[in-house]
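For clarity, every value in this text was computed on a predicted model and none was experimentally measured.
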Amino acid sequence: MRTFNTGKITFEYPVTWEVEKADVLSNPDCIATLSKGQDNLLNAVSFPTATNLDDYKIFMEDVISDDGGVILSSDFVQIADKDAIKVHANMDTPEINFDIHTYVFIENKEIYIFELRTLDVTGESERELKNIISSLKF
């Protein structure tokens, strides 16, 4: 395992994942981008927020549905000793069909969103994401 540290958050990730240069020009809220091959991309963003998990869950589900996604599950969970939202959705575009696995935390009026876009149908990448999120420290 390797350690990623932004100063605000720390998490561990498998050596099979690579840290990419965060695209802060098109996404200034990006704090981390990791990839595993061409089939898996994990983005983490953070920005100040006045919302709460209940309201953000509704907003997130609406955005996914409005983008044509199908929500497969959407739950409140406790992970890394924190309350979070966990959403699993499928996106089917003309170019590609992929799954999105998202965890959302709100800590000290800051929202943290971890979104895995994957083509992996084995579930391995989802398990690795859960392990990454479980190691998260604010």
Side-chain angles (χ1 to χ4, degrees):
M1 297 293 277
R2 294 180 183 158
T3 301
F4 187 92
N5 185 342
T6 68
K8 287 185 174 184
I9 62 165
T10 302
F11 58 86
E12 295 181 356
Y13 63 95
V15 296
T16 53
W17 288 77
E18 294 294 324
V19 175
E20 304 288 335
K21 185 175 185 205
D23 182 10
V24 293
L25 290 178
S26 64
N27 187 357
D29 301 320
C30 187
I31 55 175
T33 300
L34 287 82
S35 65
K36 180 182 171 189
Q38 293 188 14
D39 291 346
N40 301 288
L41 184 67
L42 171 60
N43 280 310
V45 298
S46 171
F47 49 89
T49 188
T51 192
N52 58 54
L53 288 177
D54 291 323
D55 292 340
Y56 197 79
K57 183 175 182 284
I58 294 165
F59 169 77
M60 190 168 63
E61 290 169 351
D62 288 345
V63 168
I64 290 169
S65 296
D66 290 347
D67 286 345
V70 175
I71 297 170
L72 303 173
S73 65
S74 180
D75 301 298
F76 291 106
V77 298
Q78 188 164 67
I79 190 165
D81 296 324
K82 301 286 181 201
D83 291 327
I85 303 165
K86 179 184 176 204
V87 175
H88 176 200
N90 180 266
M91 301 295 290
D92 192 10
T93 70
E95 297 84 28
I96 192 169
N97 179 288
F98 60 94
D99 277 5
I100 298 175
H101 298 274
T102 306
Y103 285 89
V104 178
F105 300 87
I106 296 178
E107 184 74 17
N108 297 322
K109 297 186 180 179
E110 192 89 5
I111 193 165
Y112 297 88
I113 304 169
F114 294 80
E115 181 178 90
L116 171 67
R117 294 177 182 215
T118 184
L119 301 175
D120 178 5
V121 295
T122 69
E124 178 183 350
S125 297
E126 182 184 0
R127 284 187 296 278
E128 289 174 335
L129 172 64
K130 186 174 181 183
N131 289 336
I132 290 169
I133 298 301
S134 293
S135 73
L136 183 63
K137 296 194 180 9
F138 294 93

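Linking Ile, Leu, Val, Met, Phe, Trp and Tyr residues whenever their side-chain heavy atoms come within less than 4.5 Å places V77 and L129 in a single cluster. Under the 4.5 Å side-chain contact rule for hydrophobic residues, L116 and L72 do not share a cluster.
Every residue was checked against the side-chain hydrogen bond (donor to acceptor under 3.5 Å, both in side chains) condition with K86, not counting sequence neighbours, and none meets it. Taking V19 as the reference, F4, Y13, L34 meet the side-chain contact (heavy atoms from CB on, under 4.5 Å) condition, with sequence neighbours excluded. For K8, the side-chain hydrogen bond (donor to acceptor under 3.5 Å, both in side chains) partners two or more places apart in sequence, or in a different chain, are E110. Partners of N97 under the side-chain contact (heavy atoms from CB on, under 4.5 Å) rule, at least two apart in sequence or in another chain, are N90, D92. Take N5 and apply the side-chain contact (heavy atoms from CB on, under 4.5 Å) test, not counting sequence neighbours, and it matches T10. For D83, the side-chain hydrogen bond (donor to acceptor under 3.5 Å, both in side chains) criterion is met by Q78, not counting sequence neighbours. Taking the side-chain hydrogen bond (donor to acceptor under 3.5 Å, both in side chains) definition, one finds that N52 meets it with D55, sequence neighbours left out.
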**OP:** Evaluate the criterion side-chain contact (heavy atoms from CB on, under 4.5 Å) for residue pair E126 and D120; output intermediate values, then yes/no.
**Re:** CA-CA 8 Å; E126 182 184 0; D120 178 5; over 6 Å; no

**OP:** Determine, stepwise, if the pair E12 / K137 fulfils side-chain contact (heavy atoms from CB on, under 4.5 Å).
**Re:** CA-CA 10 Å; E12 295 181 356; K137 296 194 180 9; over 6 Å; no

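Summarising the geometry, atom CD belonging to E115 is positioned 11.0 Å from atom OG1 belonging to T33; distances are rounded to the nearest 0.5 Å. Between the CD atom in E18 and the CG atom in L41 there is a gap of 13.0 Å [rounded to 0.5 Å]. Atom CE of M1 sits about 6.5 Å away from atom CG of N131, to the nearest 0.5 Å. Within the model, atoms CG of L42 and CD of E20 stand 11.0 Å from one another, a figure rounded to the nearest 0.5 Å.
Applying the salt bridge (charged side-chain N to carboxylate O under 4.0 Å, His left out) rule to pairs touching residues 36-50 yields K36-E124, K36-E128, sequence neighbours excluded. Pairs passing the salt bridge (charged side-chain N to carboxylate O under 4.0 Å, His left out) check and including a residue from residues 61-73, sequence neighbours excluded, read K57-E61. Here ring pair (Phe, Tyr, Trp, His ring centres under 6.0 Å) pairs that include residues 117-138, with residues two or more places apart or in two chains, are F105-F138, Y112-F138. Among residues at least two apart or in separate chains, there is no ring pair (Phe, Tyr, Trp, His ring centres under 6.0 Å) pair with a member in residues 17-37.
Between F114 and F11, the ring planes lie perpendicular to each other; the angle is over 60°, past the 30° to 60° tilted range.
Membership of the apolar cluster around I96 extends to V45, F47, L53, Y56, F59, M60, V63, I64, I71, F76, I85, V87, M91, F98, I100, V104, I106, I111, I113, L119, as traced through chained side-chain contacts below 4.5 Å between ILVMFWY residues.
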